[in-house]
Enquirer: 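First the structure, then my questions, so here it is.
Every chain is numbered from 1 and lettered A, B, ... according to where its sequence line falls, protein lines coming before strand lines. These figures come from a predicted structure and were not determined experimentally.
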Number of protein chains: 2
Amino acid sequence: MHAIAFTQNVLSGRWKYFILWYLKDTTRRYSDIKHFLEGISQGSLTNQLRELEQDGVIKRKVYPTVPPKVEYSLTEKGLKLLPVLEMMKAFGKEYIEETEVAEFQK
Amino acid sequence: MHAIAFTQNVLSGRWKYFILWYLKDTTRRYSDIKHFLEGISQGSLTNQLRELEQDGVIKRKVYPTVPPKVEYSLTEKGLKLLPVLEMMKAFGKEYIEETEVAEFQK
DNA sequence: CTGGATCCTAGGAGATACTG
DNA sequence: CAGTATCTCCTAGGATCCAG
């Protein structure tokens with residue numbers, strides 16, 4: 001049962017779900033992620049990426065060029081998180097619809 | 001894609017996952033939940049229960065007795081969240097094993 | 001027994017400035 | 001471009017006291 005706690009811990013943070021979702025099927029550069037998550041600050045983005053990396057769900061590849069280029073992608077373990085995200089998305093879709101209906105009926 | 005955000009919002013909070021998991025297959029009393037979640041304060045528990053109720057994933061039934069008796073259970077919508085929790089548990093189990101192996105290999 | 005009402009604190013997240 | 005280093009701010013959550 002504590003297994004849920006571990007998953008929760010990996011995903012704890014305001015942006016991690018979206019970062020993982022954005023990396024779902026391809027590699028992305030730091031600046032792409034930043035642009036995708038409009039509103040996130042550099043500090044927060046770096047933090048979240050570091051934590052995800054330490055938890056072993058994403059990997060970081062640095063190209064020693066000028067200017068620097070860093071790419072992020074999911075690891076094997078990260079891929080195993082996708083079913084969780086997909087379930088969340090499925091629930092969310094229904095949830096939104098029901099909420100909108102409820103609002104409409106007021 | 002914002003669907004994930006809605007689900008995240010419903011589940012945001014330190015204890016909600018466990019409350020839902022505890023209600024998974026039966027109705028529970030307030031005092032049972034409090035005992036199950038050792039360490040939670042009354043204030044927090046009440047807050048989390050209220051939020052879950054407002055999001056429509058649990059329902060609250062009050063028995064007008066002395067002393068009072070209140071039971072919580074999942075709603076239809078709450079039941080739809082279970083697949084998410086099960087996926088999280090499945091991932092967590094693997095995650096723990098891999099982490100322990102990694103610790104062991106140090 | 002179940003919770004309402006306050007007060008308070010810790011830590012996550014944002015803003016800003018700076019750098020290899 | 002992709003970060004570090006501070007600083008501040010906010011709010012979820014805990015502690016405590018009170019009540020039907």
Side-chain angles (χ1 to χ4, degrees), chain A residues 2 4-23 26-55 57-75, chain B residues 2 4-23 26-55 57-75:
Chain A
H2 292 298
I4 292 180
F6 275 84
T7 310
Q8 181 182 18
N9 196 263
V10 173
L11 294 174
S12 74
R14 182 171 165 189
W15 305 96
K16 289 184 183 170
Y17 295 87
F18 306 114
I19 294 172
L20 293 173
W21 189 255
Y22 189 54
L23 296 178
T26 184
T27 287
R28 306 281 192 176
R29 296 188 60 173
Y30 181 92
S31 52
D32 292 333
I33 301 173
K34 178 144 176 28
H35 181 257
F36 176 67
L37 304 173
E38 27 183 334
I40 194 173
S41 64
Q42 289 180 339
S44 296
L45 179 53
T46 300
N47 274 337
Q48 309 261 310
L49 288 170
R50 288 287 175 283
E51 290 181 19
L52 287 170
E53 193 188 355
Q54 282 176 16
D55 283 328
V57 294
I58 68 173
K59 57 174 171 283
R60 180 169 176 268
K61 180 165 187 182
V62 183
Y63 296 85
T65 58
V66 177
K69 176 179 170 185
V70 181
E71 285 182 347
Y72 293 90
S73 58
L74 296 183
T75 61
Chain B
H2 293 298
I4 292 181
F6 275 84
T7 310
Q8 181 183 17
N9 196 264
V10 174
L11 294 175
S12 74
R14 181 169 166 190
W15 304 96
K16 289 184 184 171
Y17 295 88
F18 306 113
I19 293 172
L20 294 172
W21 189 254
Y22 189 55
L23 296 178
T26 184
T27 287
R28 306 281 192 175
R29 295 189 60 176
Y30 180 90
S31 52
D32 292 333
I33 301 174
K34 178 142 176 27
H35 180 257
F36 176 68
L37 303 173
E38 26 183 336
I40 195 174
S41 65
Q42 290 180 339
S44 296
L45 179 53
T46 300
N47 274 338
Q48 308 261 309
L49 289 170
R50 288 287 175 282
E51 289 180 20
L52 288 169
E53 194 189 354
Q54 282 178 15
D55 284 327
V57 294
I58 67 173
K59 55 172 172 281
R60 179 169 178 269
K61 179 164 187 184
V62 183
Y63 296 85
T65 58
V66 178
K69 175 179 169 184
V70 182
E71 284 182 347
Y72 294 90
S73 58
L74 296 183
T75 60

Enquirer: How many angstroms lie between atom NZ of B:K16 and atom CG of B:L49, to the nearest 0.5 angstrom?
Expert: 10.0 Å
Enquirer: Return no unless some side-chain N or O of B:Y30 is found under 4.0 Å from OP1 or OP2 of C:dG4.
Expert: no
Enquirer: Ring pair (Phe, Tyr, Trp, His ring centres under 6.0 Å) with A:F6: which residues, sequence neighbours excluded?
Expert: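 So A:F6 forms a ring pair (Phe, Tyr, Trp, His ring centres under 6.0 Å) with B:Y95.
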Enquirer: So, is A:R29 near the phosphate of D:dC1, with a side-chain N or O under 4.0 Å from OP1 or OP2?
Expert: no
Enquirer: Where do A:Y30 and A:Q42 land on the side-chain contact (heavy atoms from CB on, under 4.5 Å) test, with the steps shown first?
Expert: CA-CA 10 Å; A:Y30 181 92; A:Q42 289 180 339; 3.9 Å; yes
Enquirer: Rounded to the nearest 0.5 Å, what separation is found between the NZ atom of A:K34 and the CZ atom of A:R29?
Expert: 14.5 Å
Enquirer: Rounded to the nearest 0.5 Å, what's the gap from CD on B:Q8 to CH2 on A:W15? Could you check?
Expert: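 Here the interatomic distance stands at 10.0 Å.
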Enquirer: Grab the CZ-P distance between A:R50 and D:dA5 for me, whole Å please.
Expert: 11 Å
Enquirer: Strictly by salt bridge (charged side-chain N to carboxylate O under 4.0 Å, His left out), give each pair with a member in residues 40-49 of chain A just once, sequence neighbours left out.
Expert: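 Listed by first then second residue: nothing to list.
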Enquirer: Test of understanding: with side-chain contact (heavy atoms from CB on, under 4.5 Å), list the residues that count as partners of A:Y22, not counting sequence neighbours.
Expert: A:R28, A:D32, A:I33, A:F36
Enquirer: Which pair of heavy atoms, one from A:S73 and one from A:T27, lies closest together, and at what distance?
Expert: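 Heavy atoms only, the tightest pair is CB-OG1, 3.4 Å.
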Enquirer: Specify the separation, in whole Å, of atom CD1 of A:I33 and atom P of D:dC1.
Expert: 14 Å
Enquirer: Considering only heavy atoms, which members of residues 59-70 of chain A lie under 4.0 Å from some atom of DNA chain D?
Expert: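 Here the set is A:R60, A:P67, A:P68, A:K69, A:V70.
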Enquirer: How many whole angstroms separate atom NZ of A:K34 from atom C1' of D:dC1?
Expert: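 From A:K34 NZ to D:dC1 C1': 12 Å.
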Enquirer: Over how many whole Å does the gap from B:E71 atom CD to C:dC1 atom P extend?
Expert: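 After rounding, the gap between these two atoms is 15 Å.
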Enquirer: When rounded to the nearest 0.5 angstrom, what distance separates CD1 in A:I40 from CD in A:Q48?
Expert: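 Between A:I40 CD1 and A:Q48 CD, I get 5.5 Å after rounding to 0.5 Å.
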Enquirer: Starting at CG of B:L37 and ending at P of C:dG3, how long is that distance when rounded to a whole Å?
Expert: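 It is 14 Å, rounded to the nearest whole Å.
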Enquirer: So which protein nitrogen or oxygen atoms get under 3.5 Å of nucleotides 12-16 of chain C's nitrogens or oxygens?
Expert:
{"residue": "C:dA13", "atom": "OP1", "partner": "A:R14", "partner atom": "N", "Å": "2.9"}
{"residue": "C:dA13", "atom": "OP2", "partner": "A:Q48", "partner atom": "NE2", "Å": "3.0"}
{"residue": "C:dG14", "atom": "OP1", "partner": "A:R14", "partner atom": "NH1", "Å": "3.1"}
{"residue": "C:dG14", "atom": "OP1", "partner": "A:W15", "partner atom": "NE1", "Å": "3.4"}
{"residue": "C:dG14", "atom": "OP2", "partner": "A:W15", "partner atom": "NE1", "Å": "3.3"}
{"residue": "C:dG14", "atom": "OP2", "partner": "A:S44", "partner atom": "OG", "Å": "2.5"}

Enquirer: Hey, what do you get for CZ (B:R14) to CD1 (B:I19), rounding to the nearest 0.5 Å?
Expert: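 Going from CZ on B:R14 over to CD1 on B:I19, the span is 12.0 Å.
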Enquirer: When the distance from CG of B:D32 to C1' of C:dG3 is rounded to whole Å, what number comes out?
Expert: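 Going from B:D32 (CG) to C:dG3 (C1'), I get 16 Å.
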Enquirer: In Å and rounded to the nearest 0.5 Å, what is the CG to CG distance from B:L52 to B:N47?
Expert: 11.0 Å
Enquirer: Between the two end axes of the helix from C:dC1-D:dG20 to C:dG20-D:dC1, each built from 5 base pairs, what angle do you get to the nearest 10°?
Expert: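 For the helix from C:dC1-D:dG20 to C:dG20-D:dC1, the axes at opposite ends meet at about 50°.
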